[in-house]
Amino acid sequence: MELYNTLDRAVTDFVPIHEGRVTVYVCGPTVQSSPHLGHGRSAVSFDVLRRYLEWSGYDVMFVRNVTDIDDKIIDRAKAAGTTTDEIARESFVAFSSAYRSLGNLEPTIEPRATDHVGEMIALVELLIDSGHAYKSDGDVYFAVRSFPSYGKLSRHNVDDLRSGERIEPDERKRDPLDFALWKAAKPGEPEWDSPWGKGRPGWHIECSAMSSKYLGQPFDIHTGGSDLIFPHHENEIAQSEAAHGIPMANYWLHNGMLNLSGEKMAKSTGHVVTLHEALERWDPIAVRLFYLRTHYRKPLEFSESALDDAAASLSRLRSFRRRADRFLEGDADAEAIERFREAMDRDLDTAGALAVVFDVVRAGNTVMDEGGDATGHVLAFDEMMDVLGLVGDLDGKGDVDVSQIAADFGVPGATIDDLVELRTTLRAEKDWARADALRDRLAAVGITIEDSADGSTWHRS
RNA sequence: GGCGACGUGGCCGAGUGGUUAGGCAAGGGUCUGCAAAACCCUGGACCCGGGUUCGAUUCCCGGCGUCGCCUCCA
């Protein structure tokens, strides 16, 4: 399998440190507000990575962190007159439920920053002792120029960065590029005891501490959004590698941004469509399909029509699977599986992989139209859909109230199946008017009926 | 200014030095009481200008355009 490694700026063969085993660290969210479609894209991209690795036979340790202490969380807690814990908890619940709706597997471990302050302090001490960090007025800073390969991930060099306009001079720093490992406590803010007095960890240090605790160093794959390459991941590398003298992670994968009206979706500007809004309006699996139609490293433009397109596309997949229930014993079509694997091996080309899925759908439909055995197609379909995680409720049967329709048609208490049966009878009697009226009534409550030579079936619209 | 990505048919979007991407939408047809679903057919795409090559959408150079990062960010 080949993966694009940001460190190399190239697609390279993936070779895990330990045969048969892969360690993955996903930069999870800072739980300060509601997740938006961009967060969902990142989560889905790397959930597919994980599913594919597992399908390929690897034992995957998948760690996704939760950063539950940071400046924004503090600001929001102050503004809302509540605690940072409360803000983080609410946001975490929102992220978890949205991620689950999108069909993402639970991480093997989901560590929280606030549970690992001790590990962070130990790491900061190590950095101070080795001369890579210094105390200043209750803060601790990482000395960027003490780490010669600083910039190797983002391909920045420290002198270019120095000329950047956005760096605010700060007399507590020896060099404007230095970044905080530890911040001295301020009144009314969360604080922890440390050798440098009360305070809290800086951003970046939690990922260095938690990744090495759970995955060791180096581990195989570190992932996140491309907007984290600099400074977040660059700083993680500096911390972890300066402290331990060995690489932090071998492969760095970054997903492309989700755009809205041509610009990156970002919570800081309010330029967002929240996952909650999107999942209200579109089937969660359609949203997942929308993500996977585009290669994970490319920018992806949000639009309503793109989501509608994905939803229509999904209904094709579901229609196929719905009619294929009879063909579940046997072997998957090996050629299709092989083509699928070739696509996925190419740096997770899910768009190419989906083309294989649709090819199988067409072939399978043709076979079924001709009354043949579609087992190979159906099993290949199921296997590929499972790897992509497009496995939500196929037809969402249930929770539709048809009691009024049943009463109106003179069969009080009838179920949807009963009503479909009734319509079959009406059709046999060539009572087209009532049969069509029943179909229309059911359509009005979201039930689509399909007639075939084998009888009628229904599904949620 | 520095670093980087991208520009494919009506729309979305893979891939490739010469051979079918795929989806959605559209038109025509088959099937069907009608509908839905399905299947078949149709529309010969690769930003512009150079270069390399027998041949480039695919490689190289330049231009134009869009976007990301340059300490809030998935």
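Below, read A as the first sequence line, B as the second, and so on, with proteins coming before strands; counting in each chain starts at 1.
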inquiry  = According to salt bridge (charged side-chain N to carboxylate O under 4.0 Å, His left out), who are the partners of A:Arg316, at least two apart in sequence or on a separate chain?
reply    =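 For A:Arg316, no residue satisfies salt bridge (charged side-chain N to carboxylate O under 4.0 Å, His left out) once neighbours in sequence are set aside.
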Between the base of [N] and the side chain of [X], is there a donor and acceptor pair under 3.5 angstrom?
X: A:Asp451; N: B:C34; answer: yes
X: A:Lys264; N: B:C67; answer: no
X: A:Arg439; N: B:A35; answer: yes
X: A:Asn259; N: B:G68; answer: no

[options]: which one has an atom nearest the side-chain heavy atoms of [X]?
X: A:His36; options: B:C69, B:A74, B:G22; value: B:A74
X: A:Arg316; options: B:G68, B:A38, B:C73; value: B:A38
X: A:Thr448; options: B:A36, B:C39, B:A14; value: B:A36
X: A:Leu228; options: B:U71, B:C73, B:C39; value: B:C73
X: A:Thr294; options: B:G13, B:A36, B:G68; value: B:G13
X: A:Ala355; options: B:A14, B:G13, B:A21; value: B:A21
X: A:Arg362; options: B:C39, B:A74, B:C3; value: B:C39
X: A:Asp309; options: B:C3, B:C24, B:A74; value: B:C24
X: A:Ala351; options: B:G33, B:A25, B:A14; value: B:A14
X: A:Arg427; options: B:G22, B:C34, B:C24; value: B:C34

ask   = With a cut-off of 6.0 Å (strictly less than), are more than 12 heavy atoms of other residues, nucleotides or ligands near NZ of A:Lys135?
value =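 No, NZ of A:Lys135 has 12 or fewer neighbouring heavy atoms, counting only those of other groups under 6.0 Å.
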ask   = So does A:Glu335 have more than 12 non-hydrogen atoms from other groups sitting under 6.0 Å from CD?
value =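 Count not over threshold, so no.
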query = Stepwise, does the side-chain hydrogen bond (donor to acceptor under 3.5 Å, both in side chains) test hold for A:Tyr251 with A:Asp8?
reply = CA-CA 9 Å; A:Tyr251 297 83; A:Asp8 301 330; over 6 Å; no
task = Hey, can you tell me if A:His132 and A:Phe142 have their rings parallel, tilted or perpendicular (30° and 60° cut-offs)?
result =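 Answer is parallel, since the angle falls under 30°.
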Could you state the [atom1]-[atom2] distance from [X] to [N], rounded to the nearest angstrom?
X: A:Asp347; N: B:A5; atom1: CG; atom2: C1'; answer: 14 Å
X: A:Ile449; N: B:A37; atom1: CD1; atom2: C1'; answer: 13 Å
X: A:Asn255; N: B:C69; atom1: CG; atom2: C1'; answer: 14 Å
X: A:Glu370; N: B:U30; atom1: CD; atom2: P; answer: 18 Å
X: A:Phe358; N: B:G13; atom1: CZ; atom2: C1'; answer: 12 Å
X: A:Asp75; N: B:C73; atom1: CG; atom2: P; answer: 13 Å
X: A:Leu153; N: B:C69; atom1: CG; atom2: P; answer: 15 Å
X: A:Asp175; N: B:U71; atom1: CG; atom2: P; answer: 14 Å

A:Trp432-B:G33 aromatic stacking (under 5.5 Å, under 30°) =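 Stacked: centres under 5.5 Å apart, planes under 30°.
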Give a yes/no answer on whether the side chain of [X] brings an N or O atom under 4.0 Å of OP1 or OP2 in [N].
X: A:Arg9; N: B:C3; result: no
X: A:Lys298; N: B:G7; result: yes
X: A:Asn365; N: B:C39; result: yes

Give me the distance, rounded to whole Å, that separates [N] from [M] when you measure between the [atom1] atoms they each carry.
N: B:U66; M: B:U19; atom1: P; answer: 33 Å
N: B:U42; M: B:C47; atom1: P; answer: 25 Å
N: B:C40; M: B:A45; atom1: P; answer: 23 Å
N: B:G23; M: B:C3; atom1: P; answer: 42 Å
N: B:A21; M: B:G44; atom1: C1'; answer: 15 Å
N: B:C46; M: B:C41; atom1: P; answer: 24 Å
N: B:G28; M: B:G68; atom1: P; answer: 42 Å
N: B:U8; M: B:G4; atom1: P; answer: 23 Å

inquiry  = Counting the atoms with a prime plus P, OP1 and OP2 as sugar-phosphate, which does A:Asp349 contact under 4.0 Å by heavy atoms, base, sugar-phosphate, or nothing?
reply    =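 Sugar-phosphate contact only.
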key: Which residue lies more 5' along RNA chain B, comparing A:Ser313 with A:Val361 via nearest heavy atoms   =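 That would be A:Ser313.
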Heavy-atom side-chain proximity of [X] to [Y] below 4.5 angstrom:
X: A:Phe95; Y: A:Val66; result: no
X: A:Arg41; Y: A:Leu37; result: no
X: A:Gln32; Y: A:Ser91; result: no
X: A:Trp252; Y: A:Ile237; result: yes

request  = Kindly give the heavy-atom pair with the smallest separation between A:Leu215 and A:Met61, and that separation in Å.
outcome  =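 Closest heavy-atom pair between A:Leu215 and A:Met61: CD2-CG, 3.2 Å.
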ask   = What residues in residues 332-340 of chain A put a non-hydrogen atom under 4.0 Å from any atom of RNA chain B?
value =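 Output list: empty, so none.
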inquiry  = Centroid separation under 6.0 Å, is that true for the rings of A:His116 and A:Tyr214?
reply    =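 That pair passes the under 6.0 Å test.
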key: Watson-Crick or G-U stems involving RNA chain B, each at least 3 pairs long, distances under 3.5 Å, ordered by first number   =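 When the pairs of RNA chain B are grouped into runs of at least three, the stems are B:1-7 with B:64-70, B:10-12 with B:22-24, B:26-30 with B:38-42, B:47-51 with B:59-63.
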message = Quick one, A:Asn104 with A:Arg50, criterion side-chain hydrogen bond (donor to acceptor under 3.5 Å, both in side chains). Give me CA distance, side-chain angles, the key distance, then yes/no.
response = CA-CA 10 Å; A:Asn104 295 317; A:Arg50 183 247 189 105; over 6 Å; no
message = With a 3.5 Å distance limit and no angle check, can you tell me whether A:Asn259 reaches the backbone of A:Glu301 through a side-chain donor-acceptor pair?
response =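 Side chain of A:Asn259 to backbone of A:Glu301: no pair is present.
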